[in-house]
Each structure stands twice: as structure tokens, then as C-alpha cells.
Amino acid sequence: MIWLNKQSLIQLSFLVILVTGIINGWVVLMNIEGAMAQRVIGSDLFFPPPYVIGSVWTLLMLGLAFCFNRLHNKKSYQTSVLFLFFACVAYPIYTFGFSSIKIMFAGNLFIIVFATFLSGVVFEKFRYLASIILLIPIWVVFVTYLMFFIY
């Protein structure tokens, strides 16, 4: 983490775009539609298309990079932000390419709880950063809400 601490916001943003680009590229390359897409195809149900989901996640992860950068020399906060980042970008991997609906719900619940908790902890000293972190559970609650209608 010491190495990351020495990076500028632009460098961190580049790393985020690289990591999310690799994950999004892997999802596209592997033609992973997942359980949601299979249920939505041919129905009247709404679920955001993969390019929207990937774009939103990239923006949210850029927000985490901004928070990480602004929390310079606040090691415990930075560690938590970094953990949240990895929990979010690894989602397609630990849900087996979005194929396990139970693990997807569990992952969503974990991210909602952890990101909300982290936002609350950060709120004590850095209110504007807490609001950026809070965007993650808001997005995940919205997507989980849509998932309940599909399943």
C-alpha cells in the first residue's frame, strides 16, 4: 500500500481504469451474460445493460480512487477503501461470472453493509468523502432491488 500512497490521483485513476477495463473486457471476451441477463432476455423486466453497469462501476471505482488519494496518511481508512475496491472489482470472479444468484445476493449484501459502514466511519472526519463512498451501496441497493423483481 505504500506504493499506492505515492501515486497521484491521475495515476490512481489510470490504475482504476486499467483494472476495471480488464475486468469488463474479461466479461465481454468470455461472453458472460450471467443469470440476470438470461432471465431478462425475452421478458418485460428492466435491468441495465452490461455496458451501463460496467460504466457505473468504473465511475464508482474512480470515486474510491479519489477517496483513497484524499485519505493520504490515514492508513486504516485507506486500507478499508482498498478492500472495498477489491471486493467490488472481484465481484464477477467470486460470483462465478454472475452465474450463482445466491452468491450474487450475498456479495451484494456484503458490499452494501461494508460500504455503508465505511461511509459512516469516514463521515466523522471527511463528510464529502463519505458521500462518495455511500454512492456504492446506493447503486448496489438499486441493482439488488431490480434483481428481486427478476427472481
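Here the structure is a predicted model, which is why all the values come from computation and not from measurement.
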Open item on the list: For the CG atom of L84 and the OG1 atom of T79, what is their distance to the nearest 0.5 Å?
Closed with: 12.5 Å
Solution key, residues 112-133 side-chain donor-acceptor pairs under 3.5 Å, sequence neighbours excluded:
| from | atom 1 | to | atom 2 | distance (Å) |
| --- | --- | --- | --- | --- |
| T116 | OG1 | I112 | O | 2.6 |
| S119 | OG | A130 | O | 2.7 |
| S131 | OG | Y128 | O | 2.7 |

Task: From CA spacing to verdict: side chain to side chain contact (heavy atoms under 4.5 Å, CB included), F85, V16 - done: CA-CA 9 Å; F85 173 80; V16 165; 4.0 Å; yes
TODO: May I ask you to test the C88-I111 pair for a side-chain heavy-atom distance under 4.5 Å?
DONE: yes
Open item on the list: Measuring from atom CG of L60 to atom OG1 of T20, what distance do you get when rounded to the nearest 0.5 angstrom?
Closed with: 10.5 Å
Open item on the list: Within this structure, what is the CZ-OG1 distance for the pair F142 and T144, rounded to the nearest 0.5 Å?
Closed with: 10.5 Å
Let me have the donor-acceptor pairs involving side chains of residues 63-72, under 3.5 Å, with sequence neighbours excluded, atom names and distances please.
| from | atom 1 | to | atom 2 | distance (Å) |
| --- | --- | --- | --- | --- |
| H72 | ND1 | N5 | OD1 | 3.1 |

- [ ] Flag yes if Y145 and L134 sit in one hydrophobic cluster, no otherwise; membership is Ile, Leu, Val, Met, Phe, Trp, Tyr, and two members link when side-chain heavy atoms are under 4.5 Å apart.
- [x] no
- [ ] Determine whether Y91 and L82 fall in the same hydrophobic cluster, where Ile, Leu, Val, Met, Phe, Trp and Tyr are linked whenever their side-chain heavy atoms lie under 4.5 Å apart.
- [x] yes
Open item on the list: Assigning hydrophobic clusters by single linkage (Ile, Leu, Val, Met, Phe, Trp, Tyr; side-chain heavy-atom cutoff under 4.5 Å), is L18 placed with L59?
Closed with: no
TODO: Please check if W139 and F83 belong to a single hydrophobic cluster, counting links between Ile, Leu, Val, Met, Phe, Trp and Tyr side chain heavy atoms closer than 4.5 Å.
DONE: yes
Open item on the list: Please report the interatomic distance CD1(I17) to OG(S13), rounded to the nearest 0.5 Å.
Closed with: 6.0 Å
Open item on the list: Assigning hydrophobic clusters by single linkage (Ile, Leu, Val, Met, Phe, Trp, Tyr; side-chain heavy-atom cutoff under 4.5 Å), is L62 placed with F86?
Closed with: yes
Task: Distance, nearest 0.5 Å, that separates CG of N73 from CD of Q78 - done: 7.0 Å
Open item on the list: Within this structure, what is the CD-CZ distance for the pair Q11 and F14, rounded to the nearest 0.5 Å?
Closed with: 10.0 Å
TODO: Evaluate side chain to side chain contact (heavy atoms under 4.5 Å, CB included) for I136 paired with M61, printing each intermediate quantity in order.
DONE: CA-CA 9 Å; I136 292 171; M61 296 305 98; 3.9 Å; yes
Open item on the list: Please determine whether the number of non-hydrogen atoms from other residues, nucleotides or ligands lying under 6.0 Å from atom CD1 of I10 exceeds 12.
Closed with: no
